[in-house]
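Below you'll find the structure, written out as structure tokens, and then a few comments.
Whatever order the structure lists ligands and atoms in, that order sets their numbers, starting from 1.
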Amino acid sequence: MSKTTLSETLIKARTYQFEHKNDVPMEQKPKFHVTPPMGWSNDPNGFSQYQGKYHLFFQHHMYSTGFGPMHWGHAVSDDLIRWEYIDTALAPDTPADFSGIFSGSGLEVDGKHVLMYTGVQLHVKDEEARRMLERPEHDFTVFMQLRKENRIFFQQVQCMAEGDGRDYVKFPENPVISTEMLPEGMDPENFRDPKIWRGEDGVFYAVIGSCDMEHDAKLLLYSSEDLHSWKFVSIFHDNKKELGTMWECPDFFFLDGKAVIMASPEQMKGDNVHFPNRSSSACAIGSVCEETHTFVKESLSLIDHGVDYYAPTSMEDAKGRRIQIGWMGNFQNRITPESYQWIGGMTLPRELHIRDGKLYQLPVEELSNYYANKVEKTISVCSEEMQIEGISGRYLDMTVRVKGGDYTSCFVSVLGDQDGKAVITCDREKKLLSMDRSSCHFVNDHEPVTYAPLEEVDGELELRIVIDNAYVEVYLNQGAQVMSNLVFKAEGGLDQISFGAEGSCEMTIVKHDLVMK
Ligand code: FRU
């Protein structure tokens with residue numbers, strides 16, 4: 001593809017990206033989690049394999065650490081762990097998407113890399129409102145205020161592009177799905193995040209987030225024979241006000257004999273254990289009714305109990321694995337230090353399974369190719385908090401098996417120093433897993449403690465804790481529950497790990513450092 005197809009907006013983004021690629025000190029960054037080279041990032045997009053390589057795009061506003069007109073940043077990898085950042089793939093530069101390239105998905109089709117995304121068009125009704133939005137960055141409050149006053153309105157439409165894994169050309173007929181193709185009663189301002197796949201019948205399908213005028217989620221199914229001409233099929237899933245409002249970033253796939261929807265409902269109401277009181281991501285397991293093209297739900301659960309988790313998306317790779325990656329951040333609890341010139345990043349890629357009707361998630365096995373310095377210890381733990389020689393650090397993958405004794409709760413604290421630590425507690429009596437970062441004193445941390453249900457398996461618990469600088473992911477009992485939270489440390493902060501219990505128990509600890517090759 002020749003460079004002449006690139007717009008000015010895209011060339012500007014790529015040039016900026018090139019000129020600023022070394023601005024961020026590497027000590028601030030995780031090594032194994034994808035983060036933007038600079039500026040703002042949110043949702044993972046277009047997660048797919050193309051010509052054998054893994055491709056991951058992400059919502060990106062490179063010019064500042066605020067939410068601004070979205071582009072698609074782009075990273076590629078051979079093994080899902082070591083990523084190379086390449087040129088920004090998509091910029092808001094056509095009449096269909098001039099205000100932003102919102103989330104979407106990707107697929108290899110007949111040798112081409114096909115991307116489907118939401119084009120955003122912001123229509124401004126008066127000059128003063130236009131001036132207020134003219135700044136290259138503006139936060140949501142400006143949008144929300146102007147919207148409330150009915151001085152701006154959005155349109156969200158679905159667009160496509162195809163390319164060679166580096167440069168992409170948008171379809172000239174974009175949008176391929178306009179707001180006129182919405183079923184009656186849907187809100188044209190909330191129609192986004194298409195997830196495309198090819199059915200066994202060879203037909204392309206896309207599930208897209210939308211809501212009615214009361215903001216209640218409807219996931220819409222569209223189909224196409226040729227990627228260019230699309231038609232509405234059905235309301236694939238109707239939330240009927242069960243969980244949150246609009247469901248963002250829907251995903252759909254079959255796994256282990258079940259049909260699965262994953263989506264990110266806004267404004268959930270919950271008990272803060274099974275579901276939180278904020279936006280987060282949920283997984284619905286069930287089947288599909290072939291006659292009506294609708295999803296039949298059997299269960300609904302939270303995907304990740306951490307506060308820094310949202311908008312996951314998945315793909316099936318050439319090895320037949322269903323691999324999912326989420327944004328390890330959110331819009332509501334921004335704790336990244338103000339001085340950082342970057343914000344946002346992804347979870348580790350996780351392999352998914354359904355067992356006994358429940359979702360299980362674990363980091364992809366490729367992570368173990370980066371293991372070094374194994375330490376294995378079995379210790380008796382009682383009320384005294386203890387540290388173990390050889391077990392500390394900021395880049396590691398550690399599994400702790402807990403059994404025996406009369407303990408009522410036990411804990412592992414990580415990233416500890418004089419300023420605080422993150423404490424991961426298994427409360428056997430309350431049947432709660434928690435992670436408490438309140439001693440870390442983060443500015444704006446409105447949710448320093450997160451919770452998940454805790455169940456023992458044959459009288460034992462298994463905690464797997466992956467630490468990658470500020471990125472802490474906790475997997476309970478082979479990924480039956482997951483909790484992802486950010487824990488930023490001051491430069492020079494210590495990386496102490498300690499163990500303790502109320503009552504007594506035995507802990508078998510296996511720790512591997514994670515070393516990037
Ligand atoms: C979810 C989301 C998507 C949207 C994108 C915009 O985090 O709000 O619905 O496409 O982020 O960046």
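Using a 4.0 Å cut-off between charged nitrogen and carboxylate oxygen, R151 and E128 count as a salt-bridge pair. K170 has a carboxylate O that lies under 4.0 Å from a charged side-chain N of D93, or vice versa, which qualifies the two as a salt bridge. A salt bridge between E366 and R321 is present, with a side-chain N of the basic residue lying under 4.0 Å from a carboxylate O of the acidic one. Under a 4.0 Å N-O distance rule, the pair K241/D216 does not qualify as a salt bridge. Salt-bridge formation is detected for the pair R14/D167: a Lys NZ or Arg NE/NH1/NH2 atom is positioned less than 4.0 Å from an Asp or Glu carboxylate oxygen.
Using a 4.0 Å cut-off to heavy atoms of Y310, the atoms of ligand 1 that qualify are 1 (C), 7 (O). Near D193, meaning under 4.0 Å from any of its heavy atoms, are these atoms of ligand 1: 3 (C), 4 (C), 9 (O), 10 (O). Atom numbering of ligand 1 starts at 1 in the shown order; those under 4.0 Å from a heavy atom of Q59 are 5 (C), 6 (C), 12 (O). For ligand 1, the atoms closer than 4.0 angstrom to any heavy atom of F67 are 6 (C), 12 (O). Close contacts of ligand 1 with F331, meaning ligand atoms under 4.0 Å from a residue heavy atom, involve 7 (O), 8 (O). Close contacts of ligand 1 with S103, meaning ligand atoms under 4.0 Å from a residue heavy atom, involve 5 (C), 10 (O).
Residue contact check for ligand 1: D43 places a non-hydrogen atom closer than 4.0 Å to it.
For the pair Q17/M38, a side-chain contact is recorded, criterion being any heavy-atom separation below 4.5 Å from C-beta on.
Contacts between N42 and ligand 1, counted as non-hydrogen atom pairs separated by less than 4.0 Å, involve the side chain only.
The CE atom of M328 sits 5.0 Å away from the CG atom of L486 when rounded to the nearest 0.5 Å.
Considering backbone and side-chain N/O of R192, one or more are found under 3.5 Å from N/O of ligand 1.
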